[in-house]
Amino acid sequence: MSAFRLPGRGRIDVARPVAFRFDGKAMTGAAGDTLASALLANGVHLVGRSFKYHRPRGLLGAGVEEPNALMGVDRGPGRHTANVRATTIELHDDLTVETQNRWPSLGFDLGAATNLLSPLFPAGFYNKTFMWPRSAWETLYEPAIRRMAGLGKAPHAIDPDRYTARHDFVDLLIVGAGRAGIEAALAASASGERVMLIDEQPELGGKLLANPARWDWLAGALTRLDDAGVVCLSRTTAIGLYHDGFVGAVERLTDHLPPATATGPRERLHRIRAARIVLATGAIERPLVFADNDRPGVMLASAARTYLHRYGVAVGKRVALMVTHDSGYQVAFDLAEAGIGIAAIVDSRPDLDPSLKARASDLGLELIPHAVVIGTHGAKAVTGITLAPLGSRQVRKIACDALLMAGGWTPTVHLWSHGKGKLGWDEALGAFVPEGEMDRVTCTGACAGAIDPGHGVHAEALWSPRDPASFKAFVDLQNDVTARDIRLAVREGFRSIEHIKRYTTNGMATDQGKTSNLNGLQVAAGALGNTAPQVGLTTFRPPYTPTTFGALAGSAKDALFQPTRKTVIDSWAHAQGAVFENVAQWRRARYFPRASEDMDAAVARECRAVRTGVGMFDASTLGKIEVVGPDAAEFLNRMYTNPWKALAPGRCRYGLLLGEDGFIRDDGVAARLADDRFHVTTTTGGAARVLGMMEDYLQTEWPDLDVWLTSTTEQYAVIALQGPRARDVIAPHVEGVDLSPEALPHMAYAEGRICGVPMRLFRVSFTGELGFEVNVPAGHGLAVWEALWAEGQRHGITAYGTETMHVLRAEKGYIIVGQDSDGTLTPDDAGIGWAVGKKKLDFVGRRSLARPDMLLPDRKQLVGLLTDDPHYVLEEGAQIVDVPNAPVPVPMIGHVTSSYHSPTLGRSIALAVVAGGRARIGETLFVPMADKTHRVTVSEPLFYDREGARLDG
Amino acid sequence: MLLIHCPYCDEPRPEIEFGYAGEAHIARPINPDDLSDAEWETYLFVRTNARGRHFERWRHVHGCGRFFNAVRDTVTDTFERTYKAGVARPGEADSWTGDTGGIV
């Protein structure tokens, strides 16, 4: 047993030693230890280097408030977690931790030279210094700063752990299982309600765990809660409180186990909806602000009490206390009773409680009233303190190996603030406490300010006879912010506490200012000549403590990040070796390479097949909406630019949908199946959006129309057969439809059967060739596809993918909404003004088309571009200028929207939008790229079969 | 996460079932051609951007699919009430006694 372990004390099991490695050094603790308590038991106080100045740091606290002792925990490849507080790491066999932000070692850190240069690093140093040249920020300043000032290293490997989530629905959620939380749970346990009690620590009990006199009560209470069916979760942190009784909580499932024995998910995110919430989140003790208050061995008094009673560890052998508050005395008494030497109790107050004085006297403790610590001594651990009577220069030195601070208590109001709960200043506590009411939420115990305030003084920083510029008195230990930094920010003109916070970075580290917010506020208030409540507190935001991305992502990663929609023909395409691409959430075959073909070769072959023979394309992803009802034609007439009322059953029409602003939203072919029934298609990516837009108008603008809208996208498989021999492929399998050009001309629709199953047949073309789109019930899609594929072998049928589809339609100048249009194109801009019904009095977007801006001659219009170099394929998105080598900034008059090599034409083609483009046809424009500027000639956006003769095969 | 009372389903459901659909009570003009360019611009683009009580549209998109209206406080992000599409705009919070089509 080590010299600092106190036999017979604590809740640890010294009979079960636990071996762990700290910076490569083998050490031993006991079952029930945290890393922090095990290190103290091993006499280790130096546990880290500070963020900015690389000063040696020790443990400040014993819980989640710890700002200094941040560790990198290594649980195997890909399982490195940075910035874990040693006070929350449960000791287990094979625990491997490393300290951070030091080089080459914790004991000898070259970065500590920054401490000597610290006059160069005042508040706002980064903002002031690294202003220019701008390029140096990326190449020099930021990499250097990131190396020198920083916390742990982010892991590089993909996290192999699994994370899970669940929804919980309870009548009462209690956050915090200290005395107040347990009492609230006991009170509710007999009600028959669903009660859930959660606590961030491995054991329920909160500060009772550091109070042996209450352990019997605690054990009994937990048994009663268990018997009553109260759900008690330990290692579960409520990270945020949101609207309507919603709390997010993360339960840590395996981090406390040796990696070799850990199975199952690492963490579980609880999404808890509670009818009522009780916040029993306790309070955190405040440190004091004085010179060199960051030396290892300087810690919170309450932490020393926790280490003593819960872990059986003495934080020192000769301990001094600096108190401004009665609550520090109990710690001194407990330590003294445990046989630990007390160097002195230094109290800033002149008049002390007689009973405390008497008790100290009984225990033989030296009590020094009306004095303050004005400095600490020691290299990597405190060896002594200097103190001075208030207002005096008669300093005195005292030797000690730990200094405890008792500066009062700050209620943990974070969750209350997440819920936008109001806070009020409690003068007795010197802290903000919950005020007013919140729907569903109440606070209890120390969180509600129900702390026996004793008597205390809540000073901003301790008085010192020394020149304030000559020492560092830390406010935020994690971000290395001193009282001087905050005063400097005020001198430089910052008034708002939110601005002071951001300028000095006080409270912005991973501990979110749990020990620094209030002291920072007090210092700022003092410098501003205001009171703390006048200055106000910065805003608390979730999460309460650092949270893994894994817990928030849960199972929503990799294949489960979002669903992959596959058509019924996907498996066939996969077997054929198709290369796929994602289109919206669909997985679509992009091309079907043969042997060693690359994409260009495959696409060239597929294009030639469609132009000369027949190609087969899976168009099942097309959005489909069945529009049904007596007013179906009237409804479409109001939605789409085209006239629909005169469309005869058995005919199709290209439909163009605008927003009310007059810009193109979607397009697609619709067939009239009957007087009261339309089969409307949309773009693949627009299906849900278009249906939502239709529903919006139908429900809210024209509820009088008798129309029903149904998504049928996934009810039909769509097989497109395109090319001069398309008819030959389907003809042997079609029943009940006359396929002759006379009976079924371009843009005709028919119903019949194919391969024995019901079919909706569209004679349409998105390639410019003779084309059919065969719609069959999805369940039959693969069988029909395979039958037509077999039939097509005699005709040299070729499967083609989306890339070939793009090239073929671009050769014909057919736009793809969302690629060639970007939400700023009108029908006229896109060259499809013919699709707008001229005689219609209204449709969505019509009025906007008459706005003056929509009629300007220099609007961007869709045109074709032909490069001087026929082999050069323009970059899609490339900007277009009309004067090459013009002085910067060069006026840009448009951009390339689609660009391909056209196998049919044996040269590159492009579609573009160009200001006043149609009037520029025949002109030369320029596309400047990094390597050279390309000359292009503006053309009609139509490159092949201008007459449309090929539509009839 | 908010709970939103769908006036058609008549029960509170989690926010993720709903989609926001902009400001409420902006009716599409019966005859858009009767509007001047300025009036049409106002209809298209000009919105209240209220601080406090805001009348807005929601859709129970992953539920019944219906559009409805709501009064929500944009400062506290709390719903005062929701009501069916077509119901008149409610007055002040304490004075309005109209049909909510399902009280929040």
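Every chain is numbered from 1, with letters handed out A, B, ... down the list of sequences. Just so it is clear, the values below take in all heavy atoms, side chains as well, and ignore hydrogens, waters and symmetry mates.
The closest side-chain heavy-atom distance from A:Arg847 to B:Asp33 is below 4.5 Å. In this structure the side chain of B:Leu44 reaches within 4.5 angstrom of the side chain of A:Glu660, judged on heavy atoms.
Per-residue heavy-atom pair counts under 4.5 Å with chain B were compared for A:Asp842, A:Asp439, A:Asp661, A:Leu841, and the maximum is reached by A:Asp842. Interface check for chain A: of the options B:Glu41, B:Arg57, B:Glu15, the most heavy-atom pairs under 4.5 Å are formed by B:Arg57.
The number of heavy atoms from other shown groups lying within 6.0 Å of CD (A:Glu437) does not exceed 12. In the displayed structure, B:Asn49 atom CG is contacted under 6.0 Å by at most 12 heavy atoms of other residues, nucleotides or ligands. More than 12 heavy atoms of other residues, nucleotides or ligands shown are found within 6.0 angstrom of NZ on A:Lys557. Atom CZ of A:Phe561 is surrounded by 12 or fewer heavy atoms from other residues, nucleotides or ligands within 6.0 Å.
The interface of residues 17-28 of chain B with chain A, defined by heavy-atom distances below 4.5 Å, comprises B:Ile26, B:Ala27, B:Arg28. Within residues 65-77 of chain B, the residues that have a heavy atom under 4.5 Å from a heavy atom of chain A are B:Gly65, B:Arg66, B:Phe67, B:Val75, B:Thr76, B:Asp77, listed by number.
Listed here is the closest heavy atom pair of A:Asp244 and B:Leu3: OD2-N, 2.6 Å. When all heavy atoms of A:Pro852 and B:Asp37 are compared, the pair lying nearest together is CD-OD2, 3.2 Å.
Rounding to the nearest 0.5 Å places OG1 of B:Thr78 at 8.0 Å from NZ of A:Lys420. In this structure, the separation between CG on B:Leu2 and OH on A:Tyr242 is 12.5 Å, given to the nearest 0.5 Å.
Neither the backbone nor the side chain of A:Arg271 has a heavy atom closer than 4.5 Å to any heavy atom of chain B.
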